[in-house]
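First comes the structure, then the notes that go with it.
All chains are named by letter (A, B, ...) in the order of the sequence lines, taking the proteins before the strands, and each is independently numbered beginning at 1. Every value quoted in this text rests on a predicted model; they were computed, and no experiment measured them. For the numbers below, each heavy atom of this structure counts, side chains included, while hydrogens, waters and symmetry mates do not.
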Number of protein chains: 2
Amino acid sequence: MTSIKDVASHAGVSVATVSRVLNDHPAVRPDTRSRVLTAVTQLGYRPNAVARSLRTHQTRTLGLVISDVLNPFFTELARAVEDAARERGYSVIIGNADERAALQEHHVRTLLERRIDGLLVSPTDGGNAMIRDAAAAGTPMVFVDRWIRGLDVPVVHADGRGAVHDLVAHLHALGHRRLAIIGGPSETTTGDERVAAFRAALDAHGLPLPPEYTGQGDFQTESGRRETAAFLDLPEPPEVVFAADNLMALGAMDELRRRGLRVPHDIALAAFDDIPWFLHTDPPITAIAQPTGELGHRAVEALINLVEGRSAESVTLTARLVTRRSCGESEGKNR
Amino acid sequence: MTSIKDVASHAGVSVATVSRVLNDHPAVRPDTRSRVLTAVTQLGYRPNAVARSLRTHQTRTLGLVISDVLNPFFTELARAVEDAARERGYSVIIGNADERAALQEHHVRTLLERRIDGLLVSPTDGGNAMIRDAAAAGTPMVFVDRWIRGLDVPVVHADGRGAVHDLVAHLHALGHRRLAIIGGPSETTTGDERVAAFRAALDAHGLPLPPEYTGQGDFQTESGRRETAAFLDLPEPPEVVFAADNLMALGAMDELRRRGLRVPHDIALAAFDDIPWFLHTDPPITAIAQPTGELGHRAVEALINLVEGRSAESVTLTARLVTRRSCGESEGKNR
DNA sequence: GACCGTCGTGGTAACGATTACATCCGACAT
DNA sequence: ATGTCGGATGTAATCGTTACCACGACGGTC
């Protein structure tokens, strides 16, 4: 591999001059500059970011640890994060935790060893020691979507309570009274806050949320299938299943289809997180849409503020209900 | 940030010894080892991978440049790649080219500057200078799914010709005679090979593939919509639309829905790439499934062989047809 | 008892960049 | 003619590791 030294000797200058040209420092004579530049292209020189990072103590790289790459919500988020970061001259390294705390820890550790400038996390668990230590040690960090309570780390997320309330109102108007929810792991904030919001909304309509109607999922497809099966095996099954994320909704559909049940005729279905496919499922799924792209952008903005020594605030956006046909035909309009 | 020096002085040994302990070199007395280890935990020391990489000339990192993160096929691939790499002690940095050659180049450049040990690429274009140079310069490289012709780089991909033939046979048996395809960009291998396979299969059934039935897409949703609209505006629209990837199939469905057409009653639809959602669309989509996970594993295996100085072979797996209802009800079995 | 191999350890030179400081040189003012 | 100033360039220290070499101690062999 050719190094800055090769370029220097090839151009007949010192390494300092080459470095100055590469970082376009003003104090370089135009002809020297062009001599260096031609040497660079002739040799096909490519600066070594590793050496540069060692010297400058910055990698211009952000780490992003997401809970599950196979979840379209997170890939959309990752894409927005990468876009926003690139615009500002940063790269992003993505770590997929696959909803497993151990894997999340693995990724956080490697990212920290690589000395990324800042960390964006959507935690899989409720209180990770490594994340806690890193935050305490002053690693620039921002939580996105989910967060860990009791840490002084900015959070960028969407508040779904209003939308959940709208959803319940919609369901109630359609005549549904027995509503069930498949929640996420209680260690995650999104896991229990969505259940809490659902319960509050039911409460406002004078509806109960009995324990047997609150399934305990893990945000993965299989748990959606399992909890739906449990609901259906109840002596009095619910009239509506609300899945707290899109993968569990997919699992729920699998189980409903397996049993030959028709949506919404036999049972209604709704999901948290809206994705393009929900428009094309049979039937199209009523969902709560988060402003995913903006979530990513704002998170990067906050993190880069932290990285560059400024302060950063938490950001709360709002999710909104997108009504389709999976809960029953009320208004004829479905997008 | 605490360095190996701090650990050394804290443990009362030299930096060389600390390094030996950390890389578990055998020649260290057990009590020295444990003294170092306690110093490490007490100080919360975390080795600096940047410095290590500079010194050892290896990053234990693979670069993966994919064409589009929002395409479930590629996220599934990325996930398999990361899994396989992690098992072997490598990390993966993903670059999303978003089907844009310029963005692909950006990512290849940054990855090369970071001195990744090897590069996995699913090229967006047909002949990138940077990729060509990197390959010529001996950067360990493997193409996956798509490739660039004329380069001596191993390719790991799935052959879809048999499955396309099966698909055409299936369509023919259902009575369809006017079949159209939305292909990918002709610069990509998958773009034109899928069209070629389709044409060959039609030929075998004595069916023509007129130019107006070969749409030119770019593997993105919007182009699927556009080309489908063009088909439908023809004086004699096709009876079947075959989309060369799942996103264009999504676009096609959007357009069909917009026009109030019913699948398969009014027009049939099939797609290359199978994804979980295709089971739940209205109707479930007949698709050609690639062994995505194995593609990722084999690609990593080949690349690591190259990285570690062994040789690597190209691998060709086979795709298979998954029949569902979107082309018409023939056999009662779907799934 | 001299010799030799091995083990455990320390010192230190790289790796490839950036950058503070030193140096040189020409121009300009006095 | 001398001094000063500033622009252009070179020298060398430095970042945190690893790896090579050296060295002392110890045990075994003849």
- Message: Does either side chain, that of B/Glu82 or that of A/Asn96, offer a donor lying less than 3.5 Å from an acceptor on the other one?
- Response: no

- Message: Just the rounded figure in Å: distance from P of D/dC15 to CD of A/Glu113.
- Response: 20 Å

- Query: When all nucleic acid strands are considered with a 4.0 Å heavy-atom cut-off, which category describes B/Ser53: base, sugar-phosphate, or nothing?
  - Reply: nothing

- Quick one: the side chain of B/Arg55 and the base of C/dA14, do they pair up donor-acceptor inside 3.5 Å? yes

- Message: On DNA chain D, does the nearest nucleotide to A/Val15 precede the nearest nucleotide to B/Val18 from the 5' side, or the other way round? Give the residue.
- Response: A/Val15

- Task: Taking only the side-chain heavy atoms of A/Ile4 (C-beta and beyond), determine which of D/dG10, C/dG10, C/dT18 contains the nearest atom.
- Result: C/dT18

- Message: Please report the distance, rounded to the nearest Å, between NE2 in B/His25 and C1' in C/dG10.
- Response: 13 Å

- Message: Considering every strand and a 4.0 Å limit on heavy-atom distances, what is the contact class for A/Val13: base, sugar-phosphate, or nothing?
- Response: sugar-phosphate

- Measure the distance from CG on B/Leu22 to P on D/dA19 and round it to the nearest whole Å. 13 Å

- Message: Using a strict threshold of under 4.0 Å (side-chain N to carboxylate O), is an ion pair present between A/Arg146 and A/Glu99?
- Response: yes

- Would you mind telling me which of D/dA8, C/dA17, D/dG10 lies closest to the side-chain atoms of A/Asn48? C/dA17

- Check the distance between C/dC7's C1' and B/Asp31's CG and give it to me in whole angstrom. 14 Å

- Note on the structure: Of D/dT9, D/dC15, C/dT12, the nucleotide closest to the side chain of A/Thr17 is D/dT9

- B/Ser3 has its side chain closest, among C/dC15, D/dT18, D/dG16, to D/dG16

- Task: Just grab all the side chain to side chain donor-acceptor pair (under 3.5 Å) pairs involving residues 53-65 of chain B, residues at least two apart or on different chains.
- Result: A/Arg114-B/Thr61, B/Thr59-B/Asp117

- Message: What is the distance, to the nearest angstrom, from the CZ atom on A/Arg46 to the P atom on C/dG16?
- Response: 16 Å

- Message: Between A/Arg109 and A/Glu113, does any side-chain N to carboxylate O distance fall below 4.0 Å?
- Response: no

- Task: Quickly work out the A/Arg20 CZ to D/dT11 P distance and round it to whole Å.
- Result: 11 Å

- Query: When you match B/Leu54 and B/Pro26 each to their closest nucleotide on DNA chain C, which lands nearer the 5' end?
  - Reply: B/Pro26

- Query: Do other residues, nucleotides or ligands put more than 12 heavy atoms under 6.0 Å from B/Glu308 CD?
  - Reply: yes

- Message: I want to check one thing: is the phosphate of D/dT9, taken as OP1 and OP2, less than 4.0 Å away from some side-chain N or O of A/Arg29?
- Response: yes

- Task: Please state how far atom NZ in A/Lys5 lies from atom C1' in D/dG10, giving the value in whole angstrom units.
- Result: 14 Å

- Item | Short side-chain N/O contact to C/dA17 OP1/OP2 from A/Thr56, under 4.0 Å | no

- Without hydrogens or angle criteria, can the side chains of A/Ser19 and A/Asn23 be said to hold a donor-acceptor pair below 3.5 Å? yes

- Item | Shortest side-chain distance from A/Ala27, nucleotide among C/dC15, C/dT12, D/dT9 | D/dT9

- Item | Spacing between B/His57 atom NE2 and C/dA17 atom P, to the nearest angstrom | 11 Å

- Item | Distance test, side-chain N/O of B/Ser19 to OP1/OP2 of D/dT18, below 4.0 Å | yes

